[in-house]
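See below for the structure under consideration.
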Amino acid sequence: MFGLFGCGDKTENGTDVDNSRNPDTVAMYKVNYDNKSWYTNAQDEYAAGEEVELYYSLIATDTDYSFTLDDGPLKYDYDEKKGFIIRFTMPEHDVTLKCISKNSMVYEAPTEEADVLLIDSYREITGTDGGDGYDEITLYSYDSDSVTMHVYHQESDSDEVETQYRVPYEVVDKCYAIIGEYKLREWKTRQDLTALDGAKLTLKFKDSDLYVRVTSEKMPEDGEKAFSEIEALLKSYIKDEYLIS
């Protein structure tokens, strides 16, 4: 009986079977494509943590392209033979991949999409003797290459100081990468939440047509690290070369 129902799977010659890639033993998650046929090497499902690489070759010379994963910007490379190369690490949930194309030869008047809030990072120091204050950094859409960054600083009873910068759009991509790494979209559904003493940290970010707001009053154990990484990233773009006079 042990030979029939032993703990491990074996082949006929007694060799152990590797079930690490068996869909019955590994959690698989779905990719919802806008059109799966547009992508080469596309599969319906991937294991969490798997490195996904897709190719998009339907490229017109008068069209600009961008890609989003769960409505967050997604970086991509280009190869003359394969077209756009799209890479991402599969998270532990289903995702939606979209291609956004825009005819670059057609004039478009400015729309209300300019000056849309993308990221808002806020840190308030509380409970100190005369040292209370706050720092806030926001990113607003400007154009395809850059965003406007507003930096606010206030100490104790002094007046708020605001400084504005025009910074590369890459900072948005990097912020969303951290948001994805620490799974901020899932914080409100988690049970292992704690609160931070001595400071109040909040982060608000645009997620599709909605906004997600997370706070240090309800965060996972490593939540403060997520806030600090985004704050440090934003502060690294506070440079004279980006200053708006």
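Throughout, numbering of the chain's residues begins at 1 and tracks the sequence.
Using a 4.5 Å heavy-atom cutoff, the side chains of Asp71 and Lys98 are in contact. With a 4.5 Å cut-off on side-chain heavy atoms, Glu217 and Leu201 do not count as touching. Counting heavy atoms from C-beta outward, Tyr56 and Cys99 have side chains that approach closer than 4.5 Å. Under the 4.5 Å side-chain criterion, counting only non-hydrogen atoms from C-beta, Thr202 is in contact with Arg213. Between Ile86 and Leu74 there is a side-chain heavy-atom pair separated by less than 4.5 Å.
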Item to complete: Could you please spell out the steps behind the side-chain contact (heavy atoms from CB on, under 4.5 Å) verdict for Tyr29 and Glu92?
Response: CA-CA 7 Å; Tyr29 297 96; Glu92 296 182 12; 4.1 Å; yes
Item to complete: List the steps, then state whether side chain to side chain donor-acceptor pair (under 3.5 Å) holds for Glu162 with Gln164.
Response: CA-CA 7 Å; Glu162 178 187 0; Gln164 296 186 21; 3.2 Å; yes
Practice prompt. Determine, step by step, whether His150 and Thr148 satisfy the side-chain contact (heavy atoms from CB on, under 4.5 Å) criterion, reporting the C-alpha distance in whole Å, the side-chain angles of both residues, the deciding distance to 0.1 Å, and the verdict.
Written response: CA-CA 7 Å; His150 299 254; Thr148 303; 3.5 Å; yes
Practice prompt. Using the side-chain contact (heavy atoms from CB on, under 4.5 Å) rule, take Val167 and Val147 through it: C-alpha gap first, then chi angles, then the decisive distance, then the call.
Written response: CA-CA 6 Å; Val167 301; Val147 293; 3.5 Å; yes
Worksheet entry | side-chain contact (heavy atoms from CB on, under 4.5 Å) assessment of Asp44 paired with Val31 | CA-CA 6 Å; Asp44 291 329; Val31 177; over 6 Å; no
Using atom types as modelled, flag every donor-acceptor pair under 3.5 Å from a side chain in residues 226-238 to any protein atom, sequence neighbours excluded.
{"unit_1": "Ser228", "atom_1": "OG", "unit_2": "Glu224", "atom_2": "O", "d": "3.0"}
{"unit_1": "Glu229", "atom_1": "OE2", "unit_2": "Tyr182", "atom_2": "OH", "d": "2.7"}
{"unit_1": "Glu231", "atom_1": "OE1", "unit_2": "Arg123", "atom_2": "NE", "d": "2.7"}
{"unit_1": "Glu231", "atom_1": "OE1", "unit_2": "Arg123", "atom_2": "NH2", "d": "2.8"}
{"unit_1": "Glu231", "atom_1": "OE2", "unit_2": "Arg123", "atom_2": "NE", "d": "3.2"}
{"unit_1": "Ser236", "atom_1": "OG", "unit_2": "Leu233", "atom_2": "O", "d": "2.5"}
{"unit_1": "Tyr237", "atom_1": "OH", "unit_2": "Glu170", "atom_2": "OE2", "d": "2.7"}
{"unit_1": "Tyr237", "atom_1": "OH", "unit_2": "Lys174", "atom_2": "NZ", "d": "3.1"}

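Atoms CG and CD1, on Leu203 and Ile137 in that order, are 11.0 Å from each other to the nearest 0.5 Å. The distance from the NE2 atom of His93 to the NZ atom of Lys30 is 15.0 Å, given to the nearest 0.5 Å.
Residue Tyr55 shares its hydrophobic cluster (ILVMFWY side chains chained together at separations under 4.5 Å) with Ile85.
Remark: the Tyr122 side chain and the Glu124 side chain contain an N/O donor-acceptor pair separated by less than 3.5 Å. Residues Glu155 and Tyr134 bring no donor and acceptor atom of their side chains to less than 3.5 Å of each other.
A 6.0 Å sphere centred on CD of Glu241 holds more than 12 heavy atoms belonging to other residues, nucleotides or ligands. No more than 12 heavy-atom neighbours from other residues, nucleotides or ligands sit within 6.0 angstrom of CG on Asp159. Lys36 NZ: more than 12 foreign heavy atoms inside a 6.0 Å radius.
For Phe88, there are no ring pair (Phe, Tyr, Trp, His ring centres under 6.0 Å) partners, not counting sequence neighbours. In this view, Leu117 and Asp120, Thr138, Tyr140, Lys204, Tyr211 satisfy the side-chain contact (heavy atoms from CB on, under 4.5 Å) rule, not counting sequence neighbours. Not counting sequence neighbours, the partners of Tyr78 by the ring pair (Phe, Tyr, Trp, His ring centres under 6.0 Å) test are Phe84. The salt bridge (charged side-chain N to carboxylate O under 4.0 Å, His left out) search around Arg87 returns Glu53, Asp77, not counting sequence neighbours. Every residue was checked against the ring pair (Phe, Tyr, Trp, His ring centres under 6.0 Å) condition with Tyr152, not counting sequence neighbours, and none meets it. Residues satisfying the side-chain hydrogen bond (donor to acceptor under 3.5 Å, both in side chains) criterion with Tyr39, sequence neighbours excluded, are Asp34. The ring pair (Phe, Tyr, Trp, His ring centres under 6.0 Å) search around Tyr46 returns none, not counting sequence neighbours. In this structure, Asp145 has no salt bridge (charged side-chain N to carboxylate O under 4.0 Å, His left out) partners at least two apart in sequence or on a different chain. Checked against salt bridge (charged side-chain N to carboxylate O under 4.0 Å, His left out), Lys218 has no partners two or more places apart in sequence or in another chain. For Lys82, there are no salt bridge (charged side-chain N to carboxylate O under 4.0 Å, His left out) partners at least two apart in sequence or on another chain.
We find that Lys81 and Asp79 are not joined by a salt bridge, their nearest charged nitrogen and carboxylate oxygen being 4.0 Å or further apart. A salt bridge links Asp207 with Arg185: at least one charged nitrogen is closer than 4.0 Å to a carboxylate oxygen.
In this structure, Tyr142 has its ring center no closer than 6.0 Å to that of Tyr169.
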